[in-house]
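Every heavy atom of this structure was used, including side-chain atoms; hydrogens, water molecules and symmetry mates were not. Numbering of ligands and ligand atoms starts at 1, following listing order.
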Amino acid sequence: MENGGIVAGKTVYLETMGCQMNVLDSELVLGQLRTLGYQPTEDAANADVALINTCSVRDHAEQKALSHMGALKKPKARRPDMVVGVIGCMAERDPDGILRNMPHVDFLCGPGELNKIPAMIDEVLDTRAQLVALSENKSRRSSLLSRALEHDSVEALDLSRAAGLPGRVLQAYVRIQRGCDKFCSFCVVPFTRGAERCRPPAQIVDETKLLADRGAKEVTLLGQTVNSYAYPDNGRRIGLADLLERVNAVEGLERIRFVTSYPGDFPDDVLAAMRDLPKVCEYLHIPVQSGSDAVLARMNRRYTVGQYVELLGRAREIVPGITLASDFIVGFCGETDAEFGASYELVERMRFKHIFCFKYSPRPMTVADKRSPDDVPQEVKRERNVTLLKLQERISREQNQSLIGQTVEVLVEGYSKAAVKARAAVHDCERPVGWRRPDQLVGRTRTDRIVVFSGGERHIGTLRSVHVQSATALTLFGELIEEGTGNEARISPPVAGPSTDRTR
Ligand code: SAH
Ligand code: F3S
């Protein structure tokens, strides 16, 4: 195949692990390969190109990636023409380890170099040499720099999460920032994704316009610490609030989200933007990691618990109905029972919508791994993890149940997983079994609550009102209120308060 040439009938398998940033990266890689003629396939063993987009944030994710890589060994032995690539953070973090243990891997490509993948596939096919493309001058055996495609112009691509309706653009991720400068002592991201670089606002706005023109109703602006977004513009500094204002002006778009926020230096103008800009959703994911100042200091997080609590209080005051989510790490180096207790108290007090809770996993290169022993026993980490998640589950259930009887506005995202399965079964002339619901839809409130209800394809991609009838910790179940049926009378008035979802 010539570089950049169209291939006919070739297939690509892509396994994605990790965060939204990886989901976006995978979508960009697939987009590039699609334009070259590759068809995506679910069948890894028979794919012409098999790629694994890896995550290095915790050891568990790396072990899973290794097992995916291992599973490609036999197919590759059977079909030596297959091209196997390992891409993303793990390729950047441990290229030598991967090449040593997985000799069937043809190329490695770090997260900043993904634009080189088509050229790398070509070169592997031409030369059968093992290739490595990493940040700066870590690349080896590769003349790829000059052959790389321009990547910036395809930073944002459709991410069609409209389950069951492939190809339809409804929600999209738009990267506003790469890398991170914070160097939390536990975190590998600054090493795998490099220093913070912000993208020009004009580019972000243009991409958002393109996405909206193609039907996107919701964009999520992505970065590791989006509130530190800054870009010079004619002697002025464009911050996140300014960027939100510009994206808010994009016609056709209904909703704007942004993740992830860092609790230090979170400006009030972003909160005001959330209040004043109609498209910006009232939801903030702002990881705290621990409820203990001593642990936060050991983690090199540059804020105190008091400052965090005060910030979230301000957020609730300024943005009516806002929901808040957080991340916690349990069992960080030296974490005592009392320090864990402080995290427990914080969860109890803050009434997050949900939390992610992770057991500390030492990461090579990080300060914590170099300087502090991983001294909390695995069993204790597990217990603390379960304890915190159980507490949050109770809080999430209470919040969701308080919405029973209310009407919430949702963006209908697509069919539920059960419906997708049921529809596939009907399509294959199998009889749908059990409670499978081919008409079950999933929507999301502005405040990020998931709502399940019955409806049809015409509802997908639209904003609808749903009357909530029951709730679990994770999901609200309800009935769609069809316009013109007289059912609108059931819309309850919006109630103010931290656990209440406001309708616009
Ligand atoms: N700002 C980033 C953070 C990336 S890591 C973002 O966009 O989400 C995501 C979460 O993983 C962190 O908030 C932290 O809670 C968790 N995490 C990071 N490093 C970890 C480690 N070494 N062990 C356990 N959890 C970790
Ligand atoms: Fe990691 Fe801390 Fe940045 S968690 S991504 S170093 S803000």
Using a 4.0 Å cutoff against the non-hydrogen atoms of Lys359, which atoms of ligand 1 qualify? 23 (N), 24 (C)
With sequence neighbours excluded, residues passing side-chain hydrogen bond (donor to acceptor under 3.5 Å, both in side chains) with Gln401: none
Starting from atom 14 (C) of ligand 1, which protein heavy atom do you reach first, and at what distance in Å? Gln289 OE1, 3.4 Å
Would you say the side-chain atoms of Glu339 pair up with the backbone N or O of Thr336, donor to acceptor, closer than 3.5 Å? yes
Main chain of Cys333, side chain of Asp375: is a donor-acceptor contact present, judged purely on distance under 3.5 Å? no
Sub-4.0 Å atoms of ligand 1 with respect to non-hydrogen atoms of Arg58: 11 (O), 16 (C), 17 (N), 23 (N), 24 (C), 25 (N), 26 (C)
Is the distance from the ring center of Tyr262 to that of Tyr303 below 6.0 Å? yes
Enumerate the atoms of ligand 1 whose separation from the nearest heavy atom of Arg363 is less than 4.0 angstrom. 22 (N)
Is any side-chain heavy atom of Leu240 less than 4.5 Å from a side-chain heavy atom of Leu244? yes
Measure Phe186 to ligand 1 on non-hydrogen atoms and call it side chain, backbone, both or neither using the 4.0 Å cut-off. both
Which segment of Val57 sits under 4.0 Å of ligand 1 when only heavy atoms are counted: both
Please state which protein non-hydrogen atom is closest to atom 10 (C) of ligand 1 and give its distance, to 0.1 Å? Asp327 OD2, 3.5 Å
Can you find a heavy atom in the side chain of Glu348 that is under 4.5 Å from one in the side chain of Leu391? yes
In terms of ring plane angle, is the pair Phe356 and His285 parallel, tilted or perpendicular, where the classes change at 30° and 60°? tilted
Flag yes if more than 12 heavy atoms outside Lys209 fall under 6.0 Å of its NZ atom; otherwise flag no. no
Salt-bridge contact Lys381-Asp374 (side-chain N to carboxylate O under 4.0 Å): yes
Nearest neighbour in protein (non-hydrogen) for atom 23 (N) of ligand 1: Ser361 N, 3.0 Å
Does a side-chain N-to-carboxylate-O contact under 4.0 Å join Glu62 and Arg363? yes
Here atom 2 (Fe) of ligand 2 sees protein N, O or S atoms within less than 2.8 Å, and their number is 1
Just need the protein heavy atom nearest to atom 4 (C) of ligand 1, so name the residue and atom and give the distance. Gln224 OE1, 3.8 Å
Determine, using ring centers only, whether Phe358 and Phe332 are less than 6.0 Å apart. no
Numbering the atoms of ligand 1 from 1, which are under 4.0 Å from a heavy atom of Thr260? 6 (C), 7 (O), 8 (O)
